[in-house]
Amino acid sequence: MRHDLEISYLGIEMPEPTALSPFFAEVIGLMPGEPGAAGTLTWRNDAKSYRLIVQPGPASDAVFVGLEAAGTAAFDRAAHRLRDLDYELVEGTEADLAERRVTRLVKAQAPWGVRVELVAGLADALTPFSSGLVPGGFLTEGVGFGHAVFATTAFDESHRFLTEGLGFTQSDWIEMQIAEGIELEVRFYHCNARHHSIAVARAPFDLPQKLHHLMVETTERDDVEAAFDRARDSGLDIPMGLGLHDNDRMFSFYVQSPAGFLVEVGHGARTITEPWTGNRRYDRTSVWGHQPLRVG
Ligand SMILES: [Fe+2]
């Protein structure tokens, strides 16, 4: 399996970063990482020093996403391809490298309005990962922290940026009518064995949040069900209860974070094999379930 990139971290901006702490710690079961500069908090779901960064700011949204190259050659290939497509790359400073705990970093503005940080050498934490709430831990080895799904009006340009620029491959897509006259169109992209590390939904107009959801995958199915119980007990909205996705065959549910975007907790998704012959249209999101349980 080709393995050039992994989704290594997601940067979230919140007016008050601590507002997400009980959610990430007590509902999702993440482990705090070391705090960064100026009120920035970090969260871990494996041995890496952090996977989510929550920094102070007005957006209540994702503002950057880190993609870690599997080596120098993979880093250079992705950077060259982006430059060839006329995307402007800004070299990370020494301070950027220290803050992100990486050995290389270039920044580009993705068409969906979130900065992409192409990095290499994300450092491990000084302590092992351990979550009392998710005893089996999360599936991240060789596949990054999970996945992120963004909504954008720049749908086709985002496709080009991901495939021709970063070297992702489209896994498949969903095209379906979700209500009279309302189409849902989502394209799913892989860069390693995970079915998708990034997906992009076509937005009819600019939405207040670019991040629709982030996903973390547990290694044990029971840990999804326990997380579902915690989400239900939290009083937070559950726009999609337990269910099974059709395209990636993920058993999961979605809880709405206090920031507004959703977090999907899942298990058991199928993986990408090569040559990939599964790129086809799906006309439903789920085989069963994923029904709204408590919204608004
Ligand atoms: Fe998802």
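Order of appearance sets the numbers: ligands from 1, and atoms from 1 within every ligand.
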Consider only side-chain N and O atoms of H245 and Y282, and report whether a donor and an acceptor are under 3.5 Å apart.
no
Between D96 and K107, is there a salt bridge with N-O shorter than 4.0 Å?
yes
Salt bridge or not between R101 and E34? Use side-chain N to carboxylate O under 4.0 Å.
yes
Excluding waters, which protein N, O or S atoms are within less than 2.8 Å of the Fe ion (ligand 1)?
H147 NE2, H213 NE2, E264 OE1
Would E217 and R194 pass as an ion pair if we require N to O under 4.0 Å?
yes
Is there a path of hydrophobic side-chain contacts, each under 4.5 Å between heavy atoms, that joins L211 and F23?
yes
Report the C-alpha distance between R104 and V119 in whole Å, list the side-chain angles of each, state the deciding distance to 0.1 Å, and finish with yes or no for side-chain contact (heavy atoms from CB on, under 4.5 Å).
CA-CA 5 Å; R104 296 183 74 182; V119 300; over 6 Å; no
